[in-house]
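Below, chain A is the first sequence line, B the second, and so on; all start at residue 1.
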Number of protein chains: 4
Amino acid sequence: MSNKLSVILGNLGNTCDRFCKSYKNNPSTLEMLDQAVKIPYVEGIELVGTWDISPSNVKEMKKRFEDYGVTCVSVIPDVFGDKEFSKGTLTSTQPAIRKKALDYLRQMSEVALEMNCGILNMWMAQDGYDYLLTTDYDQEREWLREGTAALAKEFPTLKFALEYKPKEPRNFSYHARMSDTLLAALETGCPNVGVTIDTGHGFVAGENIAEAVVLAKRAGDRLFHMHFNDNHGAWDDDMIVASVHSTIYIDLMYWLKKTGYQGWLSMDQYPYRENAVDAITESIMWVKRFAEIVDENFNEIEGLVKLNDAVATSRFMRKILFAK
Amino acid sequence: MSNKLSVILGNLGNTCDRFCKSYKNNPSTLEMLDQAVKIPYVEGIELVGTWDISPSNVKEMKKRFEDYGVTCVSVIPDVFGDKEFSKGTLTSTQPAIRKKALDYLRQMSEVALEMNCGILNMWMAQDGYDYLLTTDYDQEREWLREGTAALAKEFPTLKFALEYKPKEPRNFSYHARMSDTLLAALETGCPNVGVTIDTGHGFVAGENIAEAVVLAKRAGDRLFHMHFNDNHGAWDDDMIVASVHSTIYIDLMYWLKKTGYQGWLSMDQYPYRENAVDAITESIMWVKRFAEIVDENFNEIEGLVKLNDAVATSRFMRKILFAK
Amino acid sequence: MSNKLSVILGNLGNTCDRFCKSYKNNPSTLEMLDQAVKIPYVEGIELVGTWDISPSNVKEMKKRFEDYGVTCVSVIPDVFGDKEFSKGTLTSTQPAIRKKALDYLRQMSEVALEMNCGILNMWMAQDGYDYLLTTDYDQEREWLREGTAALAKEFPTLKFALEYKPKEPRNFSYHARMSDTLLAALETGCPNVGVTIDTGHGFVAGENIAEAVVLAKRAGDRLFHMHFNDNHGAWDDDMIVASVHSTIYIDLMYWLKKTGYQGWLSMDQYPYRENAVDAITESIMWVKRFAEIVDENFNEIEGLVKLNDAVATSRFMRKILFAK
Amino acid sequence: MSNKLSVILGNLGNTCDRFCKSYKNNPSTLEMLDQAVKIPYVEGIELVGTWDISPSNVKEMKKRFEDYGVTCVSVIPDVFGDKEFSKGTLTSTQPAIRKKALDYLRQMSEVALEMNCGILNMWMAQDGYDYLLTTDYDQEREWLREGTAALAKEFPTLKFALEYKPKEPRNFSYHARMSDTLLAALETGCPNVGVTIDTGHGFVAGENIAEAVVLAKRAGDRLFHMHFNDNHGAWDDDMIVASVHSTIYIDLMYWLKKTGYQGWLSMDQYPYRENAVDAITESIMWVKRFAEIVDENFNEIEGLVKLNDAVATSRFMRKILFAK
C-alpha cells in the first residue's frame with residue numbers, strides 16, 4: 001500500500017445529536033492532536049476550519065504539525081455549524097450570505113496553503129433543500145457552480161474536493177452522489193475541482209463505492225480524497241470500518257489501486273458512545289488489512305473482476321477470510 | 001371528527017443537529033406555551049419532562065394550563081438528553097443507571113398525574129444498540145419489560161404509551177415498529193401499557209401506519225396516542241403533514257375512526273428552518289381536512305376498502321382532491 | 001399543457017413475476033393497440049421491440065398507426081427478455097454477445113425510423129452486475145460508451161434516450177440515476193444521446209425527479225423522454241400515478257414546463273392485478289390534472305420556488321387540493 | 001454445530017424475472033434432487049408443493065428420499081404461482097378462493113405428513129395488498145387467523161412455520177417482519193404455529209435478524225425454521241451467504257445456539273445467473289464456517305454481548321477473520 005493513513009481531528013472530540021447535546025467531554029484541539037498522532041500508522045490529520053484552525057492559530061498549528069512530524073491532509077471549512085448558513089452557503093437566496101460564504105472559503109483556502117495542505121475538503125452540507133416545490137434548483141446550482149469556480153480559479157494550486165452525501169443535514173443535498181458531484185465539478189471547468197468519497201455516504205446513496213472510484217477516474221481523474229467508515233445501509237451511522245460490510249472494502253481497495261489513486265486514506269467516524277482513539281484505531285487496522293489483501297492478491301483479484309463469476313469470488317473471499 | 005388536536009410544546013423551541021448547535025433562538029417554556037395555545041384548533045399540549053415540566057414547576061404549569069383552558073395531553077420524559085442514559089435507560093447494563101431511569105420515570109408519572117394528564121408518552125430513545133455482536137438482546141428486553149411493568153403497576157390510572165421508531169438516536173431501537181412494540185406491551189401483562197404511533201416513524205419503518213392502527217386494535221385496543229408529521233420515507237425528517245404523502249393520511253384517518261380511536265391527534269414536527277407556529281398550523285389544517293374528508297365520505301371509503309380495487313380508489317382520490 | 005400523452009403498449013398486456021408466470025391473459029399486439037388508442041387523451045404509443053414490432057411487421061404496424069391517427073412515440077428494444085443477454089448486452093464480457101446486441105439495436109433503430117418515430121428508448125436492463133468484486137466496471141462502461149456512440153453516429157436523426165433505474169433486473173445498473181446516465185451520455189460525444197426519466201425509477205433512486213429535470217437541462221438539454229408511474233419508495237412498484245405521492249408531481253410538471261421540455265408524457269405502469277386500461281386511464285387523468293395545475297398557477301409556483309418557504313408551499317398545496 | 005444443513009430443491013431449477021421468462025433450462029424434480037443430495041453436508045431437502053410434490057408423486061418421492069438417505073425438511077405450499085390466488089389465498093375477499101386455499105393447504109399438510117416431514121413452511125406470498133385505501137386490513141387479518149388456526153388444529157403434529165417478508169410479490173405482506181408474524185402466530189392460539197426467518201427477508205425488513213431470533217424465543221420458542229441467503233439491503237436479491245455482510249451472521253449463529261434452536265439451517269437462494277449447485281455449495285460452506293466460529297468462541301462471544309463495547313467486538317472480528 002502506497003497510500004498514507006490519516007484521521008479527521010474532530011473524530012476525537014465530543015459527540016451529540018439533536019436530542020442529546022453532549023455524549024462526551026469537550027477536549028481542546030491540542031489535546032485531540034496529541035492523541036491523534038499516537039494512533040498507529042497515522043501520518044496525517046484533517047482539520048475542521050474555525051473549530052481547529054483559523055488565521056489566528058495557523059502559525060501555531062503549523063509549528064505543532066512540524067513538531068509531530070505529521071501532514072495537514074486537508075482543511076474542512078465549517079460551512080455546517082453556522083446558523084447563518086442554515087439555508088445554504090454558496091446557494092443561499094440571499095446575496096450577503098453567498099458573499100460571506102465565499103469569503104470564508106477564501107480564508108480557509110489561505111489557511112490551507114499556509115499549512116502546506118493540498119486539499120480543501122468541501123462538504124457543502126447546507127447546500128440543498130428540504131421541501132418539494134420550494135426551490136429554484138437551477139439557480140441554486142448555478143450559484144454553486146459560480147462560487148466553486150471562483151474559488152478554484154483564485155487558488156489554482158489547491159485541490160477542491162467536493163464531499164458528497166445524499167442527505168443530512170438537508171433532506172436533499174446538491175452534492176448527493178458521485179455522479180452528480182462529478183457533473184458539478186466538470187461544470188466549473190476547473191481541473192482542481194474533484195470529489196471526496198466518504199464510504200458511508202456512498203452506502204446511504206445506494207452506490208457501489210468501488211464503481212464510484214471508476215466513475216471519477218473516467219471523468220478525468222477526479223477522485224481527490226477518501227473518508228472511511230461503515231454503516232447499516234440506511235443512514236450515515238459513521239461506524240468503525242467493516243462493522244457491517246466486508247467484500248465491498250476489498251472491491252474498493254482494488255479499484256483505488258487499479259486506478260492509481262495516490263491520495264490519503266482518512267478515517268472519518270463519529271463515535272457517539274465509543275472511545276474515539278480505540279474506534280479509529282480499529283478502522284485503521286481494518287483499512288490497512290484490506291489494502292494488504294489487495295496488495296497480496298492483486299493478480300488474482302484482477303482475474304476475478306474479469307471472470308464475472310460470483311462463485312469464484314465467494315471462494316476467494318472464504319480463502320482470504322478463513323485461511324488458517 | 002371527535003378527536004381533539006394538540007401539539008408538543010418543544011416543537012416551538014430551538015432546533016439543532018449534530019453539526020449545528022442552534023438554528024433558532026431559545027424561547028422559554030412560557031413563551032412557547034403562550035404561542036402554542038394560539039394555534040388554531042389546538043386544545044391540548046404535550047410537555048417534555050425536565051425541559052418543560054418537573055416537580056419544581058408543576059403547580060405553576062397546572063395553573064397556566066387552567067388559565068389558558070388547555071389540557072396537558074401527555075408528559076414525555078426526557079430519557080434522551082441525559083448523557084448518563086447514552087447507552088440505555090431501563091436497558092442499561094449498569095444497575096445504577098437502570099435504577100436512576102426508573103426513579104425518573106416514576107417522578108414524571110407523578111408529575112403527569114398532578115397535571116391531570118392521562119398519558120406518559122415513553123419514547124425510549126436510548127434503549128437499543130448500535131453495533132452488531134455487542135448486545136444481549138434477551139437480557140436487555142427483559143430489563144425493559146420489568147421496568148415498564150413496574151411503572152405500569154405503580155401507576156394504574158396512567159396510560160403508558162410506548163412511542164416506537166426504528167432508529168435515531170440508536171442504530172436499532174427496541175421499540176422499533178408497531179408490532180414489536182405491541183409484543184413489548186403485551187409482555188408486561190399490564191392493560192395500561194400501549195403504543196404511540198408517530199406517522200413519520202412508521203414511514204421510516206416501512207410500515208403502513210393505517211394497518212398499524214388495526215394491529216393495535218387487534219392486540220387489545222392498545223393505540224393510546226398519535227403524533228403527526230411527514231417525511232421523504234428514508235428518515236425522520238419531521239416535516240409538515242402532507243408535504244410528501246397524501247393517500248396514506250386518509251387511509252389512516254379512516255382506520256382511526258373505524259377502530260374507535262378516542263385519543264388526541266397531536267402534531268410532532270421538528271421545524272429545523274421553518275417558523276414553528278406556521279409550520280404546526282399547516283399540519284393542523286391538513287390533519288383537520290383529512291379528518292373531515294373521512295367524516296364526509298365514511299360510507300364511500302368503507303366501500304372502497306371492501307372493494308379492493310386500486311382504480312376505484314384512485315377515482316375517489318381525484319374526486320376528493322380536485323373537485324370543483 | 002403543450003405536451004402530448006402516450007402509453008407503452010405492453011402496459012396493456014399480461015403481467016407476471018418471478019413466482020407467478022401469468023396474472024392475466026395474453027392479448028395480441030393488435031388487440032392491445034385497439035384498446036390503447038381508445039384511452040382518453042392518448043395520442044401516441046410506445047412499442048417494445050420484438051414483442052410488438054420487428055422488421056417483419058413494421059409495414060403493417062405503420063399502416064395501423066396511420067389508420068388510428070396515433071404517433072409511434074418510441075421503440076423500446078427488448079434487451080431484457082433474451083436469455084443470451086442475461087449478463088449484459090453491450091457490456092457482455094463475450095464479444096459475440098456485444099456484437100449481437102449492437103446488431104439488434106441497429107435493427108430496432110431502422111424499425112424506429114420506418115415508423116417515423118423519433119426515439120429509441122434504451123432501457124439497458126441487463127447492463128450492470130449483481131455481486132461485488134466480480135466486475136471490471138471500467139471496461140464494461142467503456143464497452144457501453146463505444147456501443148452507444150456507434151449507434152448514435154450511425155443514426156444521427158434518431159434520439160437515443162437512455163432510461164435509468166438503480167436495480168432490477170440486475171442488482172446494480174450502469175444507468176442507475178439521472179446524473180450517472182448524463183455522464184454516460186456525455187461520454188459518447190453525441191448530441192443525440194440523452195435520458196428518459198421514469199418517475200418511479202427516480203423515486204427508488206432516492207432522487208428528486210424535479211431536480212433531475214434541471215440536471216438534464218444543465219447538461220445540454222438532454223431530457224428526451226418521460227415515463228410516469230408511482231410507487232411506495234423502495235421498489236419499482238409501477239403503480240397508478242399519485243397513488244402514494246402528490247407534491248412531487250407538481251414540482252416535476254413545473255420544471256418540465258420551465259425547462260421547455262417538448263417531449264411526450266408517457267404512461268409506464270405494470271398493473272399486475274388491475275384492469276390495465278382503467279389503471280392507465282387513471283394515470284392519464286392525474287398527469288393531465290397536475291399539468292393543468294401548473295398551467296393555471298405558473299406564476300404563483302415560480303414565486304414559491306424562489307421564496308424557499310415550506311409553509312407558503314404547504315398553503316398553496318392546500319388551496320390547490322382542497323379548493324371548493 | 002448440532003443443526004443440520006439443507007436446501008430448497010427449487011433453488012436448483014430455472015430462474016426468471018418479470019422481464020425475462022427463463023435464464024436457465026428447466027431441470028426435472030428428479031434431476032434436481034439427484035444434484036442436491038450431492039452438495040456437501042446437505043442432509044435434508046425442502047420441496048415446493050405442486051411443483052415438486054403432490055398426492056400423485058408422494059409415494060415415489062418418499063422412496064427416493066429413503067434411497068438417498070435424506071430428510072424431507074419441509075413442504076412449501078405453492079400459494080404464490082396460481083393466478084387464482086393473485087389477490088390473496090386465505091385473505092381473498094372471495095369465499096371460494098379462501099376455501100380453495102384452505103383445501104390446498106390441507107392437502108399439502110397431508111403430503112408433508114406422508115413424507116415424515118415436520119414442517120409446513122407457509123410463505124403466504126399473495127396475502128397482503130398493493131395500494132393504500134383499498135383494503136380491509138382487519139377483516140383480512142381475521143380470515144388469515146381463522147385459516148391458519150383451522151389448519152393448525154387439524155394437523156396438531158405438524159409445525160406451521162410462517163415465513164415473513166416485507167414485500168414482493170405484494171407491495172405489503174401481512175407476514176412482513178418477525179414481530180408481526182409472531183403476533184399472527186400468537187393470535188391463532190396454537191402452539192404449532194411459529195415462524196421461519198429468511199435472513200435476506202429480515203435484511204430488507206430493516207430488522208436485526210439476530211434480535212429476531214430472541215423475539216421468537218421470548219414469544220414462546222416460536223422459531224421453527226431458518227432460510228439463508230444475503231442481499232444488498234434494499235431487496236430480496238437472494239444471493240450467496242456473506243456476499244455482502246459478515247458480522248451479522250456470527251451474531252445470528254450465536255443467538256441460534258444460545259436460544260437452543262434445534263431446527264435446520266436451510267439454503268434459500270435464487271441464483272439467477274449463477275451455477276446453482278456451486279452457489280448453494282458456497283452458502284453451505286459459509287454457514288458451516290460461521291457456525292464453527294461460534295462453537296469455537298462461544299464463551300468469548302458471550303462475553304462480548306454482555307460487554308457492550310463496539311471496539312472489543314471489532315477486535316474479535318479481526319482476530320477471527322484474519323488470524324494466520
Side-chain angles (χ1 to χ4, degrees), chain B residues 203-208 229-235 237-251 269 271-290 292-293 296 307-324, chain C residues 203-208 229-235 237-251 269 271-290 292-293 296 307-324:
Chain B
F203 297 161
V204 176
E207 284 184 355
N208 172 356
N229 53 67
D230 201 354
N231 62 46
H232 293 289
W235 191 247
D237 303 316
D238 271 330
M239 298 161 78
I240 295 170
V241 169
S243 296
V244 178
H245 297 91
S246 51
T247 317
I248 183 58
Y249 290 103
I250 300 190
D251 204 1
Q269 295 169 241
Y272 289 94
R273 297 161 180 84
E274 290 75 40
N275 177 290
V277 167
D278 291 348
I280 297 163
T281 301
E282 280 305 303
S283 288
I284 289 273
M285 299 308 282
W286 280 104
V287 170
K288 201 167 172 302
R289 187 71 192 107
F290 286 128
E292 286 167 7
I293 287 171
E296 294 161 6
L307 189 61
N308 222 316
D309 178 350
V311 169
T313 292
S314 177
R315 276 190 203 120
F316 170 77
M317 287 298 296
R318 284 196 294 120
K319 185 184 74 176
I320 290 301
L321 295 183
F322 300 134
K324 288 196 178 187
Chain C
F203 297 161
V204 176
E207 284 184 354
N208 172 356
N229 54 67
D230 201 353
N231 63 47
H232 293 288
W235 191 247
D237 303 318
D238 272 330
M239 297 162 78
I240 295 170
V241 169
S243 296
V244 178
H245 298 89
S246 51
T247 317
I248 183 59
Y249 290 103
I250 299 190
D251 204 2
Q269 296 169 242
Y272 287 95
R273 297 161 180 84
E274 290 75 41
N275 177 291
V277 166
D278 291 349
I280 297 162
T281 300
E282 280 305 304
S283 288
I284 289 273
M285 299 308 282
W286 281 103
V287 170
K288 201 167 172 304
R289 187 70 193 106
F290 287 128
E292 285 167 8
I293 287 170
E296 293 162 6
L307 189 61
N308 223 314
D309 178 349
V311 170
T313 292
S314 178
R315 277 191 202 119
F316 171 78
M317 286 299 296
R318 285 196 294 118
K319 184 185 74 175
I320 290 301
L321 295 183
F322 299 134
K324 286 195 178 185

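When heavy atoms are compared at a cutoff of 4.5 Å, B:I240 approaches chain C solely by way of its side chain, counted from C-beta outward. Residue B:A234: no heavy atom, backbone or side chain, is found under 4.5 Å from chain C. For B:F290, the part sitting under 4.5 Å from any heavy atom of chain C is the side chain, from C-beta outward, and nothing else. With a 4.5 Å cut-off on non-hydrogen atoms, C:S246 touches chain B through its backbone and its side chain both.
The CD atom of C:E274 lies 9.5 Å from the CG atom of B:N308; values are rounded to the nearest 0.5 Å.
When each of B:N208, B:I248, B:V241, B:D278 is checked for heavy-atom pairs under 4.5 Å with chain C, B:D278 comes out on top. Between chain C and the residues B:A310, B:G233, B:S283, the most heavy-atom pairs under 4.5 angstrom are made by B:A310. Heavy-atom pairs under 4.5 Å with chain C were tallied for B:H232, B:M317, B:M285; the largest tally goes to B:M285.
By the salt bridge (charged side-chain N to carboxylate O under 4.0 Å, His left out) test, C:D238 pairs with D:R18, sequence neighbours left out.
Residue pairs meeting the salt bridge (charged side-chain N to carboxylate O under 4.0 Å, His left out) criterion with at least one partner in residues 240-249 of chain C, sequence neighbours excluded, are absent.
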